[in-house]
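Take a look at the structure below.
What you see below is based on every heavy atom in this structure, not just the backbone, and it leaves out hydrogens, waters and symmetry mates. For reference, positions follow the sequence shown, starting with 1.
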Amino acid sequence: MPVSRFLTTMLLAMAVAITAFASPPFPSPPKILPLQRAFPLDEPVELSELRARDSVRHARILLGRGGGRQSSIGGVVDFTVQGSSDPFLVGSKTTMLYFTKVKLGSPPTEFNVQIDTGSDILWVTCGSCSNCPRSSGLGIELHFFDAPGSLTSASLTCSDPICSSAFQTTAAQCSENNQCGYSFRYGDGSGTSGYYMTDTFSFDAVLGESLVANSSAPIVFGCSTYQSGDLTKSDKAVDGIFGFGKGKLSVVSQLSSRGITPPVFSHCLKGDGSGGGVFVLGEILVPGMVYSPLVPSQPHYNLNLLSISVNGQILPIDAVAFETSNTRGTIVDTGTTLTYLVKEAYDPFLTAISNSVSQLVTPIMSNGEQCYLVSTSINDMFPPVSLNFAGGASMMLRPQDYLFHYGFYDGASMWCIGFSKALEEQNILGDLVLKDKVFVYDLARQRIGWANYDCSMSVNVSVTSGKDLVNSGQPCLSISTKDMFLKLISTILLALLLCNFFSLT
């Protein structure tokens with residue numbers, strides 16, 4: 001073999017080997033969805049309004065049990081999130097929600113969609129919807145999906161395996177024109193109906209520091225042609241809902257089943273006045289992460305809550321409060337504003353908090369809510385609370401994680417209990433306790449992890465069990481130094497290979 005040909009072969013082999021070594025075993029460069037604030041912070045909202053809103057939400061969750069489901073570089077996707085966990089700061093007549101932007105169709109159209117871990121499908125408003133809101137009080141421009149105008153769109157037919165598979169239930173319908181439709185009706189009379197589409201989902205694949213590739217993948221989503229109830233109100237209108245539930249038609253399930261993204265997603269919701277945060281299709285890495293196993297065979301993200309501690313003392317709560325069944329249990333839900341405990345747990349909790357501060361604050365009832373007049377910092381007066389889960393994982397709560405600041409009274413700061421008594425038999429952990437923490441939903445290992453974190457800071461994201469890191473939440477993005485070095489060497493070798501090749505010709 002001539003020396004030049006041998007050199008070419010060796011250079012090619014070395015370049016391929018180093019490229020393979022430098023590449024992560026999961027074919028997925030990072031992709032991230034940022035979260036941002038959705039609405040102005042100007043007027044307080046009554047707790048009763050929040051509970052009414054959450055009550056509607058919980059009816060949707062309960063009715064959703066067994067209900068309708070809802071060529072690319074793989075990797076991590078992050079979404080900028082808008083919204084706030086502080087309901088007393090947002091403008092009146094708005095719901096508490098976090099939403100982000102997604103791009104669908106060819107050419108891509110941008111949609112503002114609510115982040116929701118309590119439902120499965122991604123759906124957006126169709127251009128053919130006649131009663132859907134045309135403007136939004138959240139300060140965003142509403143968009144409508146134009147199926148005929150997209151070069152890559154196609155409706156799902158009734159004979160499609162996705163429509164007829166076991167993933168679907170009675171919520172899937174077959175229309176007269178052979179379209180696979182859906183209809184979701186909720187306890188408050190609101191709902192949406194439409195038909196399933198397939199089209200291109202566009203996103204940015206983060207390949208490393210300052211390296212971002214436009215990427216896309218076909219997905220199934222809902223195109224809403226009719227809405228009712230709260231969904232029709234302009235003051236709180238968005239373009240749709242981005243379901244991150246456990247169903248087969250959730251975007252997480254669709255993308256991870258094809259190796260486009262990892263089978264894990266994470267979020268970090270800011271709890272301060274600016275709100276927002278980040279939502280990641282991938283794993284956020286932070287120190288001190290603890291994990292608790294998901295309860296199997298449940299439609300939502302259920303955890304086994306074992307006990308509640310106040311100031312280090314486990315409360316005397318009847319074990320029935322923490323039982324898990326088809327109608328009982330503890331759910332993690334970003335679509336709920338407050339946090340709800342069943343009566344057997346709520347009453348001992350409220351009593352313990354009130355007793356611990358009886359000599360330090362002045363208790364007061366405000367509009368039926370238990371509040372306290374405080375003269376100094378609540379961190380100096382109110383006790384820490386711990387929610388203790390299976391697997392030895394505890395969620396440590398600061399006073400601001402179970403209290404809401406509700407203005408001032410007689411010159412003193414008034415704080416109210418942000419936990420509420422559940423109307424149903426389920427404990428629901430809402431944004432009140434989810435804020436200011438990284439939450440990781442590890443679907444491959446069937447567990448949820450969390451750790452306290454300042455969500456205004458950037459986060460490190462991994463798609464390969466901690467080997468490759470991406471910095472998200474800030475303009476700068478980076479991967480590990482080792483991989484950058486190996487990829488640089490690989491590039492040099494490939495350049496030498498090309499030079500040698502052209503010298504032969």
Can the SG atoms of C180 and C163 be said to lie under 2.5 Å from each other? yes
Taking SG to SG, are C129 and C126 separated by less than 2.5 Å? no
Minimal non-hydrogen separation, [X] against [Y], with atom names:
{"X": "Y301", "Y": "F265", "result": "OH-CE2, 3.4 Å"}
{"X": "R328", "Y": "V342", "result": "NH2-CG2, 4.4 Å"}
{"X": "G229", "Y": "T232", "result": "O-OG1, 2.7 Å"}

Between the side chains of T200 and S216, is a donor N or O closer than 3.5 angstrom to an acceptor N or O? no
Side-chain donor-acceptor pair under 3.5 Å between D431 and T337, yes or no? no
Worked verdict on F279 versus F244 for side chain to side chain contact (heavy atoms under 4.5 Å, CB included): CA-CA 11 Å; F279 208 101; F244 281 86; 3.3 Å; yes
Scan for salt bridge (charged side-chain N to carboxylate O under 4.0 Å, His left out) pairs involving residues 447-462, sequence neighbours excluded, and state none if there are none. D442-R447
Assess the residue pair M395 and D401 against the criterion (side chain to side chain contact (heavy atoms under 4.5 Å, CB included)); give the C-alpha distance rounded to whole Å, side-chain angles, the decisive distance to 0.1 Å, and a yes or no. CA-CA 11 Å; M395 188 182 300; D401 295 328; over 6 Å; no
Test side-chain hydrogen bond (donor to acceptor under 3.5 Å, both in side chains) on D239 and T125 and set out the steps. CA-CA 6 Å; D239 294 322; T125 304; 5.6 Å; no
Please verify the inter-ring angle class for F439 with H267; under 30° counts as parallel, over 60° as perpendicular, anything in between as tilted. parallel
F349 and F419 aromatic ring geometry - parallel, tilted or perpendicular at 30°/60° bounds: parallel
Under the rule for salt bridge (charged side-chain N to carboxylate O under 4.0 Å, His left out), what residues qualify as partners of K233, not counting sequence neighbours? D230
Which residues satisfy the side-chain hydrogen bond (donor to acceptor under 3.5 Å, both in side chains) test with S394, sequence neighbours excluded? N388
Hey, mind stepping through L443 and V252 against side chain to side chain contact (heavy atoms under 4.5 Å, CB included) and telling me if it holds? CA-CA 9 Å; L443 306 183; V252 174; 3.6 Å; yes
Determine, stepwise, if the pair V113 / F99 fulfils side chain to side chain contact (heavy atoms under 4.5 Å, CB included). CA-CA 5 Å; V113 289; F99 67 85; 5.9 Å; no
F201-F221 aromatic ring centre distance below 6.0 Å: no
Run the numbers on N304 and T324 for side-chain hydrogen bond (donor to acceptor under 3.5 Å, both in side chains), then give the verdict. CA-CA 7 Å; N304 272 315; T324 297; 3.3 Å; yes
